[in-house]
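For reference, the structure discussed in these notes is given below.
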Amino acid sequence: MEAEERLIRTEYSEVMQKSYIDYAMSVIIARALPDVRDGLKPVQRRTLYDMHELGVRYDRPYRKCARIVGDTMGKYHPHGDSSIYEALVVMAQDFKKGLPLVDGHGNFGSIEGDGAAAMRYTEARLEKVTQEAYLADLDKDVVDFVPNFDETEKEPEVLPVKVPNILINGAEGIAVGMATSIPPHNFGEVIDGVIAYMKNPEINTAQMMEYIKGPDFPTGGIVTNKSELAAIYSTGTGKIKVRGKVEMEKGKGGKERLVVTEIPYTMIGANIGKFLNDVCALVETKKTNDIVDISNQSSKEGIRIVLELRRGADVENLCNLLYKKTKLEDTFGVNMLAVADGRPETMGIVPLIRHHVNFQYELATRKYRTLLTKELEKKEVQEGLIKACDVIDLIIEILRGSKNIRDAKNCLVNGVTEPITFRHKTSEKQAAKLRFTERQAGAILEMRLYRLIGLEIEALMKEHEETLKKIAQYEEILSDRNAMSKVIIKELKAFKKAYARPRRTVIDDVAEAVYEENKIEEKDVVFLMDRFGYAKTIDVSVYERNREAADAENKVVLQCKNTDRICIFTDTGQLHLMKALDLPYGKFRDKGQPIDNLSNYDSSREQTVYLTALSHIIDKKLLFGTTAGMVKQVAGSEFDVSKRTTAATKLPEGEAVIFVKELEGTEHETVVMQSEKGMFLRIEADTVPEKKKTAVGVRGIRLAENDRLARMYLLADDAEPTLADYDGGEVVLNRLRIGGRDTKGTKR
């Protein structure tokens, strides 16, 4: 009989909430954030441990990364192979890590963003420092081991890292609802900071920063806000400003060149290419005329981006422009978030070191307890062997008279002589007094005869003395915290001597870059746009010499200033602005550039209704008309905006703008509206009210059903007769009777 099905009724929102919290905590603890003790994320920890278990040591041959990744994935990290290989690659990249933990062989990517080769091509092994400072003592019960995902293997909960890796290599990770970003620091400085804390646990952030000056990025560069670092390291959050290093070189012919030799840490990867593109954009948009050429000459030796300058270039101003407008100066967001005691916590530099030091004391305590236990066991055995050497004849007699090992051992431990045959009664009495321990008896029974040689006995005595010294040493370390501190500090100093390197990043307070734009000489130009939408500007004198051809060949001819902005009003109710300076300037026969490329105007989905210069309309009012017969006046000053595109009018769906033009403001200016079905209405221009650009407007003509406004005309009071075509005939607009706004008009 099948078991009765059980239905559990519960609130859906509660299930979702619990499930999402479980997922979030899993990402935070088991994936994205490093542990404050070893400074490693789970994938990094498991990869290093697996390499240790595979025997891929620093003094052994390299092994294929595919083997390492596969073994890690199969035993410890049940996730995608790409995430494991990515972690392995990053740990081998000296431009990302202050202290690489993996020695990579093959293509492990470049600082310019090139990816590593596939894992089947690359090889790796552990670095010496990783073996000595990250994985040593795993056999001494210094950390807890936990079951892996399928409980077939054991893995360390945390690696016994003896240096504060979380500061040395930094960390980056995005979890659910939180992220960590810890910059890398100088190995030697961090060791000094740890030693200073161990000598004075009451040390504050300012005192700690006498040892740890600030971040030390593998890419070098200059930290420019030194005075703000104390606050950042106190709270664990803030923004570090980093600049690249720029040097001046003399080129040929008296020209100079700017050479970028160090980049900000944030520029690693695709941002180097973006920097080159940004510099090109500065030249193309005429932000600077000082740069003649740019080339990326970077190699394995280091970064070298060369900017060739024109003779007489303002170098200081150009550097400030690069700092302002490119990634040559950037900010590194600091958020020192790590998992401490099983929960995520944002910490300053002193708490981070405190957690590390507490972890070191825990490691040392467990290590020396294990060593002490082993030495005590050794001492017990040695004392048994020494004692056995004194009564060796008796022991041999016991062994010869025993029927089996059990009887012999029982005699050695408990003095039981009954099952044993002795040659002499004296020997039996002596044997009954024997009281060796189980461990000693085992060692005596396993002892080889050569150990009875005089020199071997002497060596055993010396070994025993060494054991007693070690026991005393270990007991002192375990009972006296100062003695333990000395041992830890001695080890730290040895690591510093072996692996410290000079600081790469300069830390200073540098004045903010101030860039002064070159003042442009204002002059009159003529804007020309042909019927294909190609536009350019030419000098007024050039236009005068080619007036007839210019007027005939171009759809728009507009005189304006070179500092002006061109306004493109479209049928979709949008206004697109473009700078006259962005337009090609030069010869009359030059082709120009499409206005689609110079602005947000899209000729495939909108039509130009009116094109003019902003200076022409800024002090005037513009008249708008739509297909629904809606009209309004808008002050031209409303279109003086910084955006490249803005809404020129509010336009209901299905309608289009058909007319935009500035009013002259004369006394008898009139507006004529013509519908598709031949209705004409002429009204006084001043009867159209002024509205904001965001308004729809008011009804200009009352249209019949299915009729739309087709055209609008603006007539001056003394204008020449204006003719309009309709149904094969002509209508003289100036002769139309002036009517009232929002009327039907007359049929023609």
* Using the ring-ring contact (aromatic ring centres under 6.0 Å, His included) rule, collect all pairs that involve residues 279-300, keeping only residues at least two apart or in two chains. => none
* Asked: Quick one: CD1 on I232 to OG1 on T205, what's the gap to the nearest 0.5 Å?
  -> 12.0 Å
* With sequence neighbours left out, write down each residue that passes salt bridge (charged side-chain N to carboxylate O under 4.0 Å, His left out) with E522, or none if nothing qualifies. => none
* N/O donor-acceptor pair under 3.5 Å between K226 side chain and V223 backbone -> no
* Asked: What heavy-atom pair brings V36 and M347 nearest, and what distance separates the two atoms?
  -> CG2-CE, 3.8 Å
* Contact summary for P100 and T130, nearest pair of heavy atoms -> O-OG1, 4.4 Å
* Structure fact -> residues 203-236 vs ring-ring contact (aromatic ring centres under 6.0 Å, His included), sequence neighbours excluded, gives H185-Y233, F217-Y265, F217-F332
* Locate the shortest heavy-atom distance separating T346 from G236; write the atom from each residue and the value. => CG2-O, 4.1 Å
* Asked: Under 4.5 Å between any side-chain heavy atoms of V69 and E86, yes or no?
  -> no
* Is it true that D35 and R37 have a side-chain N and a carboxylate O under 4.0 angstrom from each other? -> yes
* Taking salt bridge (charged side-chain N to carboxylate O under 4.0 Å, His left out) as the test, write out the residues that go with D330, two or more places apart. => K327
* Asked: For residues E127 and Y134, is any side-chain donor paired with an opposing acceptor at under 3.5 Å?
  -> no
* Residues E329 and K324 bridged, charged N to O under 4.0 Å -> no
* Asked: Quick one: do the Y62 and D103 side chains pair a donor with an acceptor below 3.5 Å?
  -> yes
* **Basic-acidic side-chain contact under 4.0 Å: D278, K287** => no
* Are N335 and S181 close enough that a side-chain donor and a side-chain acceptor fall under 3.5 Å? -> no
* Asked: Below 4.0 angstrom, N of the basic side chain to O of the carboxylate: do R304 and E249 qualify?
  -> yes
* Structure fact -> Nearest heavy-atom contact between R63 and I68 is O-CD1, 4.0 Å
* Asked: Would you say N271's side chain and T266's backbone share a donor-acceptor pair under 3.5 angstrom?
  -> yes
* Using modelled atom types only, decide if a donor and an acceptor are shared between the side chain of D524 and the backbone of K561 within a distance under 3.5 Å. => no
* To do: Please answer whether the main-chain N or O of N317 pairs with a side-chain N or O of D314 as donor and acceptor at a distance below 3.5 Å.
  => yes
* Does any N or O in the side chain of D596 come within less than 3.5 Å of the main-chain N or O of S603, such that one atom is a donor and the other an acceptor? -> yes
* Considering all heavy atoms, the nearest A613-C567 contact -> C-SG, 4.3 Å
* Examine R125 relative to Y58 and say whether NZ or CZ is less than 6.0 Å from the centre of the six-membered ring and inside a 45° cone about the ring axis. => no
Only pairs under 3.5 Å count here: list side-chain donor-acceptor contacts from residues 488-498, not counting sequence neighbours, and write none if there are none.
unit_1, atom_1, unit_2, atom_2, d
E491, OE2, K162, NZ, 2.9
K496, NZ, D192, OD1, 2.9
K496, NZ, D192, OD2, 3.0

* Is it true that D50 and R46 make a salt bridge, defined as a side-chain N closer than 4.0 Å to a carboxylate O? -> no
* Going by an N to O cut-off under 4.0 Å, is there a salt bridge joining K591 and D530? -> no
* Between the side chain of Q360 and the main-chain N/O of V161, is any donor-acceptor distance below 3.5 Å? -> yes
* Establish, from distance only, whether the side-chain atoms of Y601 and T645 form a donor-acceptor pair under 3.5 Å. => no
* NZ or CZ of K536 within 45° of F588 ring axis and under 6.0 Å -> yes
* **For the student: nearest non-hydrogen atoms of C65 and L88, plus distance** => SG-CD2, 3.7 Å
* Asked: Is a donor on one side and an acceptor on the other found under 3.5 Å between the side chain of D509 and the backbone of S227?
  -> yes
* Asked: Any salt bridge between R503 and E189, counting N to O under 4.0 Å?
  -> yes
Cut-off 3.5 Å, no hydrogens considered: what does the side-chain donor-acceptor table look like for residues 105-117, sequence neighbours left out?
unit_1, atom_1, unit_2, atom_2, d
N107, OD1, G109, N, 3.0
S110, OG, E112, N, 3.3
S110, OG, D114, OD2, 2.7
E112, OE1, N296, ND2, 3.3

